[in-house]
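Read the numbers this way: they start at 1 and go in the same order the structure lists the ligands and their atoms.
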Amino acid sequence: MKLTFLGGAGTVTGSKSLLETNYKKLLIDCGLFQGLKELRLKNWEELPINSSEIDAVFLTHAHLDHSGYLPILVKNGYKGKIYCSEATRDLAKIILLDSGKIQEEDAHRANEHHYTKHEKAVPLYDKEDAANTLPHFQTIELNKWFDLDNNIKFKFLNSGHILGSTFILFEINGKTFVFSGDVGRKHPILLNRYEYIENTDYLVIESTYGNRLHEQVNIKDTLLNHILKTYERGGTLIIPTFSVERAQEIIYLLSILKRENKLPKIPIYLDSPMGVNATEVYLNHKNNHILNDDDIQSMLTTVHLVSDVKTSKAIVRDKKQKIVLAGSGMITGGRVLHYLENLISDPKNTVLIVGYQAAGTRGRALISGDHEIKFFGKYHTVRAEVAEITGFSGHADQSELLDWLKHYKNPPTLTFINHGEPHQSQALKTKINNELGWKCTVAKIDKEYYLD
Ligand SMILES: [Zn+2]
């Protein structure tokens, strides 16, 4: 058997692991490269395998860096099924259609402004390509073995990273494989904790936080402090928010604060069509999270969900104090810009950062202390308070990854460390070597690993 990492090795994006037996080719995750330009250009390169030769795709979760290449695979002739959990399918639908729309808009903008060196910019894929991917999804129940054929079995287990996220286990000709996808937190805010696994021959584990520990802060109290401080100054609190998981976590925390009568009496909005759709999917998948009916009811009465443009514009214009959650999470686009246009130059207001901010994004510029940021064609002076809550993360940190690994009863024959910058993966490798004494290797992109 042969394992090749076509992405998600030496980087946290573009996850694609190809597992080949003597007669079947299986692809685990099919993600988009994101971030730096040299990575994004890889999305335009051909895969070393024809899409039509792949027999089956298995998706650990819906995030774009794990799912965003699927429309290209299908466009290039992939005919098989995409196996995943039900919640993953529902979220992937939202995420892929949005991604198609963004690719189209980017190409359109490049053509309008003649950014491009090519004759005409074309999108990597469009909304229709994304829509064509959806009929390939085949949902799979968790915690149960399924036969792909007589020799290949697979099973999905909760990984506690985002709604619907899973580890994927294979049993092929008597050998076992585990692909971790992204591993969640030991104490997630809304999800059920990851499952432990006792045995495997081969393990592929992510290492996004392989070199770091998350800060231990009381997130709810910190959030309340920022709300009260801004309220007392007469300002508005604006929270750039990721649509999946983070938006629902914050709405939940706000709903508890409301039940505890700690919130000022000002309106709270989630102004994001994708955030609203993701929240609806979230609340519908009751087996995947800890929320009960009362929690859900309370979340829906705490926050106004806003999708339509007219209402959004009216809220942007309204000068009254409020709390607004809006996308995009790194302020790379989306409705949050319309709020910032009015609010960022007034010291009464607060911009609260609640997620990872990649290099080169406006969110990163803000937390780095930039005095002005550019959008809508001009520079805006930053006078609002910029604050950050660092305790939010959907990824296990180094100690949580080790906690998950320590529950294996026997060391795997070989452990591959993927989904990390080289220093992150290397740090986890050292830790695994020292604390567990396991044989492990940092996955290299496009290298073929032969396994017996
Ligand atoms: Zn993820």
Colleague: Once the angle between the rings of Phe416 and Tyr449 is folded into 0 to 90°, is it parallel (under 30°), tilted (30 to 60°) or perpendicular (over 60°)?
Modeller: perpendicular

Colleague: Does this structure show an ion pair linking Lys93 with Asp90, if we count only N-O contacts that are shorter than 4.0 Å?
Modeller: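 Not counted as a salt bridge, because no side-chain N and carboxylate O are separated by less than 4.0 Å.
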
Colleague: Using atom types as modelled, flag every donor-acceptor pair under 3.5 Å from a side chain in residues 10-17 to any protein atom, sequence neighbours excluded.
Modeller:
unit_1 : atom_1 : unit_2 : atom_2 : d
Thr11  : OG1    : Thr13  : N      : 2.9
Thr11  : OG1    : Thr13  : OG1    : 3.2
Thr13  : OG1    : Gln34  : N      : 3.1
Lys16  : NZ     : Gly14  : O      : 3.4
Lys16  : NZ     : Gly31  : O      : 3.0

Colleague: Provide the protein N, O or S atoms situated under 2.8 Å from the Zn ion (ligand 1); waters are not included.
Modeller: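 Sorted hits: His61 NE2, His63 ND1, His161 NE2, Asp182 OD2.
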
Colleague: For the side chain of Thr230 and the backbone of His226, is there at least one donor-acceptor N/O pair under 3.5 Å apart?
Modeller: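 Yes.
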
Colleague: Keeping the roles fixed (side chain from Gln357, backbone from Gly355), state whether a donor-acceptor pair exists under 3.5 Å.
Modeller: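 Present.
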
Colleague: Do Thr279 and Gln248 have side-chain N/O donor and acceptor atoms under 3.5 Å apart?
Modeller: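 On atom types as modelled, these side chains qualify, holding a pair under 3.5 Å.
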
